[in-house]
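Just the heavy atoms: all of them, side chains too, but no hydrogens, waters or symmetry mates, feed the values below. Not measured: the values here are computed from a predicted model.
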Amino acid sequence: MLLAIDIGNTNVVIAVFKGEEIVHTWRIATDTKRTGDEYKSILLTLMDDEKIAADQIDCAAVSSVVPDLTGPFITVATHFAGKKPVIVNPDIYDRLPIKLPEGAAHEIGTDLVCNAVAAWNLTHSANIVIDFGTALSFTITDQNGLVRGVDIAPGLGTAVHSLSSGAAQLPTVPLVAPSSAIGTNTIHSIQAGIVLGYKGLVEYLISQIKSDLHKLTGVSEDQVRVVATGGLNSVLKPITDVFTHVDRSLTMKGLRLIAGYAS
């Protein structure tokens, strides 16, 4: 079985794969003060709770956008797999089915590389991956598998928490769409501004990206697939029809694929 670890700014997502299937997934709060031994103990407990035998792990892969935790989790992964894990970094990008623009390999987040690989495997066409995480990211890949670029905005959760922490009289509100774009109380006002506002942001950027990708590569706009992932994609999914595919586990599936390409 494969142990896949995606270290993000808010959560560390850990999945165990048996072949192509996810056996179980856990989310642990990202904490740079914890040591590899602490994370190892946490994971052992979580696996024991789910009756997953640690000695069945025979390989591992790690993606990280938090440098302080990369080393500790390499130690964790090595402990479980009995060998050094596949680490998503520019050293292995030439083995992937997608290509990164020259000079950008060290800038694009490894989680976005995982997303791009999984989306390409899913669509085999030009695509836009929208990841609803701490940041709201758009990763754009053309019809030849070349990642053309990335757009980044604050995530929905980041926006609502920033608003409440910066304005004494504005509360943190549930991220659900209000019935009207006209806010009639504080909660509905914030929901209209953020949830409906982000709907407009996402739909506009998708439209503009498709148009620009057509100008750049000649790909037809209706051939560009839109893949949504990340925990907060469910906020917009009910109120927009722009997503071709929705897969909350896209990043982990990409990490599994990369482990196979790089092994």
Test side chain to side chain contact (heavy atoms under 4.5 Å, CB included) applied to I140 and V150, step by step
CA-CA 6 Å; I140 302 106; V150 175; 5.7 Å; no
Counting distance only, does the side-chain N/O of S207 pair as donor-acceptor with the main-chain N or O of Y204 below 3.5 Å?
no
Nearest 0.5 Å, please: how far is CD in E20 from CG in L2?
12.0 Å
Whether the side chain of E38 engages the backbone of T35 through a donor-acceptor N/O pair (distance < 3.5 Å, no angle test) should be reported.
yes
Could you tell me the separation between the CG atom of L201 and the CG atom of L236, rounded to the nearest 0.5 Å?
9.5 Å
Count I, L, V, M, F, W, Y as connected when their side-chain heavy atoms are under 4.5 Å apart, and connections chain through other members. Are L112 and L122 then in the same cluster?
no
Residue pair I194 / Y198, side-chain heavy-atom distance below 4.5 Å
yes
Would V65 and I87 show up in the same hydrophobic cluster when neighbours are defined by side-chain heavy atoms closer than 4.5 Å?
no
Under the 3.5 angstrom rule, does the side chain of D247 hit a backbone N or O of S249 as a donor-acceptor pair?
yes
Check: G230 main-chain N/O paired with N233 side-chain donor or acceptor under 3.5 Å:
yes
Taking every heavy atom of M252 against every heavy atom of A4, the minimum-distance pair comes out as CE-O, 3.4 Å
More than 12 foreign heavy atoms under 6.0 Å from CG of L46: is that the case here?
yes
Let me confirm one number: the CD1-CG distance from I130 to L232, rounded to the nearest 0.5 Å.
13.5 Å
Does any part of the side chain of L196, heavy atoms only, come nearer than 4.5 Å to the side chain of I239, both counted from C-beta?
yes
Heavy-atom side-chain proximity of V113 to I258 below 4.5 angstrom
yes
Please walk me through it: do K210 and V226 pass side chain to side chain contact (heavy atoms under 4.5 Å, CB included)?
CA-CA 10 Å; K210 286 182 176 181; V226 180; 4.0 Å; yes
Note: A77 and V62 closest approach over all heavy atoms is CB-CG2, 4.0 Å
Do T244 side-chain atoms and R225 backbone N/O form a donor-acceptor pair below 3.5 Å?
no
To the nearest 0.5 Å, atom CD of E203 lies from atom CZ of F243 at 8.5 Å
Strictly distance-based, threshold 3.5 Å: is any side-chain N or O of T110 a donor or acceptor partner for the main-chain N or O of V88?
no
Is it true that a side-chain atom of T158 and a backbone atom of P154 form a donor plus acceptor pair closer than 3.5 Å?
no
Which heavy atom of T32 sits nearest to which heavy atom of D68, and what is that distance?
CG2-CB, 4.1 Å
Tell me if a side-chain donor or acceptor on Q191 pairs with a main-chain N or O of P174 at a distance below 3.5 Å.
yes
Looking at D6, D111, T70, which one forms a side chain to side chain donor-acceptor pair (under 3.5 Å) with S64?
T70
Does R95 count as lying over the ring of Y261, i.e. NZ or CZ under 6.0 Å from the six-ring centre, within 45 degrees of the axis?
no
Closest heavy-atom contact between G36 and V76?
O-CG2, 3.3 Å
Interatomic distance, SG@C114 vs CZ@R256, rounded to 0.5 Å, equals 12.0 Å
I'd like to know if the side chain of H214 reaches the main chain of V219, judged simply by a donor and an acceptor atom lying under 3.5 Å from each other, with no hydrogens or angles considered.
yes
Consider only side-chain heavy atoms of I, L, V, M, F, W and Y, link residues closer than 4.5 Å, and tell whether V117 and V246 are in one cluster.
no
Between F17 and L255, is there a side-chain heavy-atom distance shorter than 4.5 Å?
no
Once you round to the nearest 0.5 Å, how far does OG1 of T45 lie from NZ of K40?
11.5 Å
Can you tell if the side chain of L205 reaches within under 4.5 Å of the side chain of D151, non-hydrogen atoms only?
yes
Is there a side-chain contact between I7 and I5, using heavy atoms and a 4.5 Å cut-off?
yes
Are L250 and V23 connected in a single hydrophobic cluster, I mean Ile/Leu/Val/Met/Phe/Trp/Tyr linked by side-chain heavy atoms less than 4.5 Å apart?
no
hydrophobic_cluster_shared for F73 and F80, side chain cutoff 4.5 Å
yes
Examine the side chains of D222 and S220 and answer whether a donor and an acceptor come within less than 3.5 Å of each other.
yes
Under 3.5 Å, is there a donor on one side chain and an acceptor on the other for T217 and Q143?
yes
Any idea which heavy atoms bring D94 and D91 closest together, and the distance?
OD1-O, 3.9 Å
Residues passing the side-chain hydrogen bond (donor to acceptor under 3.5 Å, both in side chains) test with N115, sequence neighbours excluded, are D131, T251
Would you list the pairs meeting side chain to side chain donor-acceptor pair (under 3.5 Å) in which at least one residue belongs to residues 132-142, sequence neighbours left out?
T10-T134, D142-R148
Taking P171's backbone N and O only, do any of them form a donor-acceptor pair with S164's side chain (distance below 3.5 Å, no angle check)?
no
Min side-chain heavy-atom separation I74-P85 under 4.5 Å
yes
Which heavy atom of I206 sits nearest a heavy atom of F138, and at what distance?
CG1-CE2, 4.5 Å
Are any non-hydrogen side-chain atoms of I22 and T25 less than 4.5 angstrom apart?
yes
Below 30° counts as parallel, above 60° as perpendicular, anything between as tilted: where do the rings of W26 and H24 land?
tilted
